[in-house]
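What follows is one structure encoded as structure tokens, with my remarks underneath.
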Amino acid sequence: MSLIELKIPDVGTDTEVEVIEVLIQIGDVVELEQTLLVLETDKASIELPATAAGKIENIKVKVGDKVSEGVIVATLLSQTNTEPTPDIPAAVEPEEQIEIPAEPNPEVKPAVEIAPEIILEPSNSGSVVHASPGVRYFARELGVNIAQITLGSGRKGRIIKDDVKAFIKSELTKKSSETNSGTGIPAIPAVDFSKFGEIKSEPLNKIKRLTGKNLTCNWLNMPMVTQHEEADITEMEVFRKSYNAEQGANKELKITPLVFIIKALLAAMKDYPQFNSSLAADGNNLIYKQYFNIGIAVDTPNGLVVPVIKNADQKSLLELNNSMRVLSEKARKGKLMPTDMQGGCLTISSLGGIGGTAFTPIVNAPEVAILGVTRASMKPIWNGSEFIPKLMLPLDLTYDHRVIDGADGVRFVVAIAKYLADIRRLLL
Ligand code: CAO
């Protein structure tokens, strides 16, 4: 055991330097190179490392003292009889430019490894941040950008470790009060509507709450693009109406445009198999489905549900019509089983019976696209020499842009429109 005097080394200045932080107390056990003091010159902050390991017996300086080379700052009781390491350079934190101590001893690690890399970080207000390398290191380890701490509680506004801790604490508190659902997105502020007039509050039913959750999840997780197109269904409607007229009063046998749209969608999915796929959960693989199940969004008194027509590609127009009728009736009576709503490959959301000219449906993930349909209307279409009245059906295809490129998106919806424009193609 030996008593070692820890002294101010040559810190590269002839004038006295000021002690601005004392980081040890009597009785502390310090390690070799541990920062003991922070000194400040006109141009730089200097961390003074311990030149030996041991227990601090005495401290001879205090904050505000002016010291110069050779001044004893502390005495230390070393466990070994070795002499103090003479060459550990003080870690210099320059305030105007980075200075690496001249010719550092290659055998000896700098007191704080990151000291030479330290760049002065301007604070939010544009002024220079005052913090020792040790504190900067501490902040970095915890992922804190020290420039965000506007004022330190150390001398002359210096940032100390406690400031970093307080900053983290306040950020965490702020985050939990500013965000909801863990998305990092600010919550919509609560408003007391009764301040503005009479109100009535009703709880959302289970379907609405579930749909809302799923739609939010899909909206936030998927980069979606909606492509619009119009299909000329003039001839298709002539056929459909004459077919329905043949059925007389038998409503069950009547068909709506939707069955043709399902058929056209299936044909396009066979042409473009990427539309019958799902991204694997890890986002690295595309799973191509070899079956064709089509989800149909159904508007019910309790909210939106999506029953699935299984193996739709194996069904005739009339069979599709029947499946749709059965499923939508079940949906409206609230009698769908979970299995009725599982296994969809693509979904159709048809608002054509209600109206609308276009909309941007949200993909029913993990499907990669959804086809929206609104009301067909007569339009003058230029045939090269004259305008011809045509019944045009608006189609709105929303797709997952991680899986579907824009060009394929438009090819797909154009293919659907082509099949609808000439339904004989569906037989090919
Ligand atoms: N253009 C013009 N007329 C249309 C049409 C269109 N695109 N689509 C349907 N029609 C007509 C039908 O032909 C029918 O008229 P007729 O009896 O004279 O033939 C009438 O509108 C009513 O059709 P419908 O809506 O009852 O039947 P459908 O097969 O077209 O749709 C269903 C069935 C279950 C999809 C529909 O009833 C429904 O619930 N749609 C709402 C879906 C929804 O809410 N989507 C929003 C989800 S958010 O993305």
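All figures in this text were calculated on a predicted structure; none of them were measured in a lab. When a ligand or atom number is given, it counts from 1 through the structure's own listing order.
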Check this for me - ligand 1, Leu304, N or O atoms closer than 3.5 angstrom, yes or no? no

Side chain to side chain donor-acceptor pair (under 3.5 Å) with Asp340: of Lys330, Lys310, Lys335, only one passes, and it is Lys330

Using atom types as modelled and distance alone, determine if a side-chain donor or acceptor of [X] lies under 3.5 Å from a backbone N or O of [Y].
| X | Y | value |
| --- | --- | --- |
| Asp405 | Asp408 | no |
| Thr374 | Leu351 | no |
| Asn205 | Ile207 | yes |
| Asn276 | Lys270 | no |

Considering all protein heavy atoms, does one lie under 4.0 Å from atom 45 (N) of ligand 1? yes

Looking at atom 1 (N) of ligand 1, would you say a protein heavy atom lies below 4.0 Å from it?
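So atom 1 (N) of ligand 1 has protein heavy-atom neighbours under 4.0 Å.
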
Quick one: nearest non-hydrogen protein atom to atom 7 (N) of ligand 1, plus distance?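 Ranked first by proximity to atom 7 (N) of ligand 1 is Thr374 O, 3.1 Å.
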
At a 4.0 Å cut-off, with the gap strictly under it, does some heavy atom of Arg332 reach an atom of ligand 1? yes

Tell me whether ligand 1 is touched by Arg240 - counting only heavy atoms on the residue side and a distance under 4.0 Å. yes

The side-chain contact (heavy atoms from CB on, under 4.5 Å) partner of Tyr243 among Leu317, Ile255, Val238 is Ile255

Closest to atom 27 (O) of ligand 1 (judged by heavy-atom distance), picking from Thr360, Ile255, Thr211, Thr256: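 Selected option, by shortest heavy-atom distance: Thr256.
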
Of Gly303, Ser328, Ala297, the one whose closest heavy atom lies nearest atom 35 (C) of ligand 1 is Ala297

### Message
Which of the numbered atoms in ligand 1 are under 4.0 angstrom from any heavy atom belonging to Ser349?
### Response
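Those qualifying, in numeric order: 45 (N), 46 (C), 47 (C), 48 (S), 49 (O).
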
Heavy atoms only, cut-off 4.0 Å: how does [X] contact ligand 1, side chain, backbone, both, or neither?
| X | answer |
| --- | --- |
| Lys254 | neither |
| Ile370 | neither |
| Asp299 | both |
| Ile362 | neither |

Using the six-membered ring wherever Trp is involved, compare the ring planes of Phe239 and Phe260 and label them parallel, tilted or perpendicular (cut-offs 30° and 60°).
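Plane angle over 60°, so perpendicular.
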
